[in-house]
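I have placed the structure first, in the form of structure tokens, so that the comments after it can refer back to it.
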Amino acid sequence: MNTTELKSAAHAAWNEHDEALAEQHFLAALAIDEQDAVTNYDLALLYKYQSRWAESLRYNRRAAELNSEDEAAWWNLGIAATAISDWATAAKAWEFFGITLDAATTTAPDLKLGLIPVRITQGEHVEVLWANRLDPARAQIVSVPMPDCGVRFHDIVLHDGAPRGTRELNGKEVPVFDWLEFWQRSDYSTYVIEAIVPNALAVNTLDRLVADSGLALEDWGSNVQMLCKACSEGEPHEHHDHAAAETAQEWQPKREFGVAALNDQALADVLDAWQAAHPEVELVEVYNALDADEDAEDESV
């Protein structure tokens with residue numbers, strides 16, 4: 001086959017989810033014409049979605065050398081370099097977009113690029129979480145994810161660069177980015193609190209106590225919408241404050257909260273203070289979702 005036929009065969013194999021055959025055809029095409037910028041980019045893209053970052057970096061760099069105006073190649077070069085903490089290469093890639101990074105740094109940067117939503121996809125579970133964007137390819141989760149999400153508060157994740165959908169933040173539409181993989185796991189656990197809460201005042205008190213203790217809270221009874229993947233990419237999602245969350249509907253006393261805490265005692269202190277302030281609150285169940293997941297894995301062995 002000539003290069004045109006090989007590239008067509010590669011894309012056909014990729015579409016059929018035969019990535020090994022796609023890789024074989026791309027490499028065969030490059031063996032004939034290593035100066036083909038598009039094929040270098042396509043092979044790098046294949047490696048990107050396989051998290052084969054060293055190879056992705058290599059072929060994106062080559063694609064950018066062959067076509068210095070290829071924005072996608074430069075961006076994916078930056079992602080690959082970030083994935084393996086090659087900050088000198090990342091700095092060169094982001095410079096193309098006017099983003100300054102110290103090329104001599106040996107530590108992960110925090111450029112404080114603002115709050116963004118990141119779409120986490122784990123099997124059938126799709127959840128959009130808010131995160132502080134540290135650089136063009138990394139963000140630190142600041143929502144408390146639901147247990148099935150597999151992500152924790154303060155995890156740092158690697159995310160893609162192409163916006164897919166939007167969410168509203170302070171009256172403005174901000175782009176949603178798809179996650180690629182974990183970059184650094186946090187030490188926080190996700191605790192689940194099931195409680196009977198008679199009013200919004202008690203929820204606000206819990207919110208304040210959690211914040212004062214340096215923990216994080218998510219009211220899964222009012223703040224979280226579970227969406228299908230298609231809906232998650234197109235429909236706006238609003239983050240409500242606890243006091244106003246249910247003003248337009250009947251208050252639901254049965255609540256489920258997620259709390260991010262480093263240890264059991266930190267959460268126990270908050271719950272003791274909460275019940276002292278609101279003895280009318282009934283705690284039904286409190287558990288560490290991470291421990292529950294480990295128990296389930298042990299039972300399946």
Side-chain angles (χ1 to χ4, degrees), residues 1-99 101 116-123 126 131 133-139 156-165 175-183 229-230 232-233:
M1 290 191 287
N2 60 32
T3 56
T4 300
E5 292 169 335
L6 285 166
K7 289 189 288 185
S8 295
H11 284 288
W14 196 350
N15 289 336
E16 293 297 322
H17 308 292
D18 190 343
E19 295 179 356
L21 183 58
E23 177 187 11
Q24 179 181 326
H25 287 318
F26 280 136
L27 288 171
L30 286 176
I32 297 172
D33 181 9
E34 65 178 11
Q35 304 298 314
D36 187 336
V38 174
T39 303
N40 276 279
Y41 171 81
D42 285 343
L43 182 57
L45 189 64
L46 178 68
Y47 289 142
K48 167 186 168 181
Y49 290 122
Q50 295 178 332
S51 296
R52 294 168 62 177
W53 297 114
E55 293 103 320
S56 183
L57 186 150
R58 174 187 171 187
Y59 287 98
N60 273 308
R61 174 183 279 142
R62 185 60 178 149
E65 289 172 350
L66 293 167
N67 180 5
S68 62
E69 299 302 314
D70 187 345
E71 293 186 3
W74 282 110
W75 195 275
N76 285 340
L77 177 62
I79 292 176
T82 299
I84 59 177
S85 302
D86 180 349
W87 304 120
T89 301
K92 184 176 181 180
W94 303 138
E95 184 182 10
F96 180 88
F97 301 95
I99 300 169
L101 184 69
I116 60 168
V118 178
R119 180 182 297 102
I120 308 294
T121 303
Q122 297 271 52
V126 181
R133 197 174 193 183
L134 306 176
D135 60 41
R138 294 180 307 128
I156 298 177
V157 299
L158 195 71
H159 63 80
D160 215 342
R164 297 183 63 205
V176 180
F177 299 97
D178 286 327
W179 92 306
L180 294 170
E181 65 179 28
F182 293 108
W183 192 84
K229 188 173 187 295
S232 80
E233 295 171 4

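No side-chain donor-acceptor contact under 3.5 Å links D33 to the backbone of A29. Between the side chain of E5 and the backbone N or O of N2, at least one donor-acceptor pair lies under 3.5 Å. Proximity of a side-chain donor or acceptor of R119 to a complementary backbone N or O of R164 within less than 3.5 Å is detected. Not one N or O on the side chain of N40 forms a donor-acceptor pair closer than 3.5 Å with the backbone of Q35.
The minimum heavy-atom distance between A90 and T82, with the atom names listed, is CB-OG1, 4.1 Å. Between P163 and G161, the shortest heavy-atom distance links the atoms CD-O, 3.4 Å. Heavy-atom minimum distance, I32 versus M1: CD1-O, 3.9 Å. Taking every heavy atom of both residues into account, A131 and A139 meet most closely at CB-CB, 3.7 Å. The two residues A63 and A73 make their nearest non-hydrogen contact at CB-CB, 4.0 Å. Contact between P117 and P175 at its shortest, heavy atoms only, is CD-O, 3.1 Å.
Under the 4.5 Å side-chain criterion, counting only non-hydrogen atoms from C-beta, W179 is not in contact with L158. Within the 4.5 Å cutoff, no side-chain heavy atoms of E95 are placed close to those of W74. With a 4.5 Å cut-off on side-chain heavy atoms, L77 and K92 do not count as touching. Contact of the W183 side chain with the V157 side chain is not registered, since no non-hydrogen atoms from C-beta on lie closer than 4.5 Å. Using a 4.5 Å cut-off on side-chain heavy atoms (C-beta onward), Y47 and N76 make no contact. Between D36 and F26 the shortest side-chain heavy-atom distance does not fall below 4.5 Å. Proximity of N60 to K48: side-chain heavy atoms (C-beta onward) are nowhere separated by under 4.5 Å. Inter-residue side-chain proximity for L101 and D135 is flagged as unmet; no heavy-atom pair is nearer than 4.5 Å.
Residues W75 and W94 bring their aromatic ring centres within 6.0 Å.
Taking the charged nitrogens against the carboxylate oxygens, E65 and R62 do have a contact shorter than 4.0 Å, which makes a salt bridge. For the pair E19 and R52, the salt-bridge criterion is not met [side-chain N within less than 4.0 Å of a carboxylate O].
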Let me see the working for T39 and T3 under side chain to side chain contact (heavy atoms under 4.5 Å, CB included), right down to the final yes or no. CA-CA 9 Å; T39 303; T3 56; over 6 Å; no

List the steps, then state whether side chain to side chain contact (heavy atoms under 4.5 Å, CB included) holds for N67 with Y41. CA-CA 10 Å; N67 180 5; Y41 171 81; over 6 Å; no

Exercise. Begin with the C-alpha distance, continue with both residues' side-chain angles, and end with the deciding distance and a verdict on side chain to side chain contact (heavy atoms under 4.5 Å, CB included) for E55 and L46.
Key: CA-CA 10 Å; E55 293 103 320; L46 178 68; over 6 Å; no

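Here I156 contributes atom CD1 and L134 contributes atom CG; the two are 5.5 Å apart, rounded to the nearest 0.5 Å. Between atom NE2 of residue H17 and atom CG of residue N15 there is a gap of 8.0 Å, rounded to the nearest 0.5 Å. I120 CD1 to L180 CG: the interatomic distance, rounded to the nearest 0.5 Å, is 9.5 Å. The CD atom of E181 lies 11.5 Å from the CG atom of D160; values are rounded to the nearest 0.5 Å.
At most 12 heavy atoms of other shown residues, nucleotides or ligands fall within 6.0 angstrom of atom CD in E16.
Judged by the 6.0 Å and 45° rule, R133 forms a cation-pi pair with F177.
Counted by atom type alone, R61 and T89 present one or more donor-acceptor pairs between their side chains at under 3.5 Å.
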